[in-house]
Amino acid sequence: MSRDAKDKEKATAFFVADCHLDEREEGLAVFEAFLRSLPGRTPALYVLGDLFNLWIGYPHLERAYHRRIVETLGMLDDEGTVVSFVEGNRDFFLREGGRDRLFARYNRDEMSVEAAGRRIALFHGDMVNVDDRLYRAWHAASKSRAASALARVLPSRLGRSFAAAAERRLRSTNLAYKARFPEAHCLRYAESKFREGHDAVILGHFHTERRYELADGTLFVMPMWGEARRYLRLGSDGTFRFEAFSGG
């Protein structure tokens, strides 16, 4: 059996996080090539949030690059790869705008997955640091019903100005907390998921590739796709490994 055939046989799921796509053609083209490479390689892709630098799910507030990736995602299910999505801190009102229907599963918070004999907890990770009260307040306000209602009625041009302001706000929120990786909080979160019966936890948000082999399971912290073009692969034998996408 060739190496390509063996890889195809072993693939069970891919996980990717923090793509932070925007109008730049190189990033869009590479991620589009990654998506188009999935059918035949894996039956499932899990996106752990922040697919775009900012995604407001009302179609009238989307731009051409959003629609380009949305169209590609829409084709994957027919070609044999189902996509599931865990909301990140840069994803707003996807359910209200109907964009959740792009995905086989869509969760605003955590998602529990059973695959290849593993029970896996998926979480974007931005709410793991319980000490970051300023960020948690911003999160609650920016994703509130009032904010959703405002986004729904804003004209396209004004709405996109609102989106640009929101993106600037996200970049500047609590820089002190962003400067260091909250390892203790992540480990405590993982331990809580292990007590619930999971044996693997996968987090996004922190843009740093890490793997912790703990007494009751494994914690993975995902790299930022936009920088590393790396994803996590789960084989049919239940083993995980980080890989780089070299196509595009």
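One-based numbering along the sequence shown.
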Handout entry: Residue pair S84 / Y46, side-chain heavy-atom distance below 4.5 Å
Key = yes
Practice task
State whether the side chain of R119 and the backbone N or O of E196 hold a donor-acceptor pair below 3.5 Å, judged by distance alone.
Solution key: yes
Practice task
Taking atom types as modelled, find out whether H205 and D126 have a side-chain donor-acceptor pair closer than 3.5 angstrom.
Solution key: no
Exercise for the section: State, without any angle test, whether N89 and H139 hold a side-chain donor-acceptor pair at a distance under 3.5 Å. Expected result: no
Problem - Heavy-atom side-chain proximity of V201 to F194 below 4.5 angstrom - result: yes
Problem - Minimum side-chain heavy-atom gap L28-I69 below 4.5 Å - result: yes
Exercise for the section: Name the orientation class of the two ring planes belonging to Y58 and H60 (parallel below 30°, tilted from 30 to 60°, perpendicular beyond 60°). Expected result: tilted
Practice task
Check for a donor-acceptor pair, side chain of D50 on one end and backbone N or O of R90 on the other, with a separation under 3.5 Å.
Solution key: yes
Problem - Check: K143 side chain, D91 main-chain N or O, donor-acceptor pair, under 3.5 Å - result: yes
Practice task
Indicate yes or no: at least one non-hydrogen side-chain atom of V47 is less than 4.5 angstrom from one of F103.
Solution key: no
Practice task
Without swapping roles, check the side chain of H185 against the backbone of V128 for a donor-acceptor pair under 3.5 Å.
Solution key: no
Exercise for the section: Answer whether the closest heavy-atom distance between the side chains of D199 and T218 falls below 4.5 Å. Expected result: no
Problem - Pairwise side-chain contact, L102 with L94, heavy-atom cut-off 4.5 Å (strictly under) - result: no
Problem - Side chain proximity check, C186 to F206, heavy atoms < 4.5 angstrom - result: yes
Practice task
Ignoring hydrogens and angles, tell me if any N or O in the side chain of R105 forms a donor-acceptor pair with the backbone of V113 under 3.5 Å.
Solution key: no
Practice task
Nearest 0.5 Å please: distance from the CG atom of L203 over to the CG atom of L122.
Solution key: 9.0 Å
Problem - Donor-acceptor contact below 3.5 Å, side chain S148 vs main chain R145 - result: no
Handout entry: Side chain R41, main chain A11, donor-acceptor under 3.5 Å
Key = no
Problem - Donor-acceptor pair, side chain of R108 and main chain of E87, under 3.5 angstrom - result: no
Practice task
Test side chain to side chain contact (heavy atoms under 4.5 Å, CB included) on H207 and H20 and set out the steps.
Solution key: CA-CA 11 Å; H207 301 183; H20 290 270; 3.3 Å; yes
Problem - Ring center gap for F15 and F220 short of 6.0 angstrom - result: no
Problem - N/O donor-acceptor pair under 3.5 Å between T81 side chain and T42 backbone - result: yes
Exercise for the section: Give a yes or no on whether the backbone of D131 and the side-chain of N129 come within a donor-acceptor separation of less than 3.5 Å. Expected result: yes
Exercise for the section: For side chain to side chain contact (heavy atoms under 4.5 Å, CB included), just list the numbers for V83 and D77, CA-CA rounded to whole Å, side-chain angles, deciding distance to a tenth of an Å, and then say yes or no. Expected result: CA-CA 7 Å; V83 184; D77 192 15; over 6 Å; no
Problem - salt bridge (Lys or Arg N to Asp or Glu O under 4.0 Å) evaluation trace for E191 with R188 - result: CA-CA 5 Å; E191 293 291 353; R188 280 196 292 270; over 6 Å; no
Practice task
Report yes or no: do M75 and F31 belong to one cluster of Ile/Leu/Val/Met/Phe/Trp/Tyr joined by side chain heavy-atom distances under 4.5 Å?
Solution key: no
Practice task
On the 0 to 90° scale, with breaks at 30° and 60°, tag the W225-F34 ring pair as parallel, tilted or perpendicular.
Solution key: tilted
Problem - Trace of the side chain to side chain contact (heavy atoms under 4.5 Å, CB included) decision for E110 with Y189 - result: CA-CA 12 Å; E110 302 163 320; Y189 175 80; 2.6 Å; yes
Exercise for the section: Answer whether the closest heavy-atom distance between the side chains of L61 and F93 falls below 4.5 Å. Expected result: no
Practice task
Using the salt bridge (Lys or Arg N to Asp or Glu O under 4.0 Å) rule, take R152 and E96 through it: C-alpha gap first, then chi angles, then the decisive distance, then the call.
Solution key: CA-CA 9 Å; R152 184 192 298 270; E96 292 85 344; over 6 Å; no
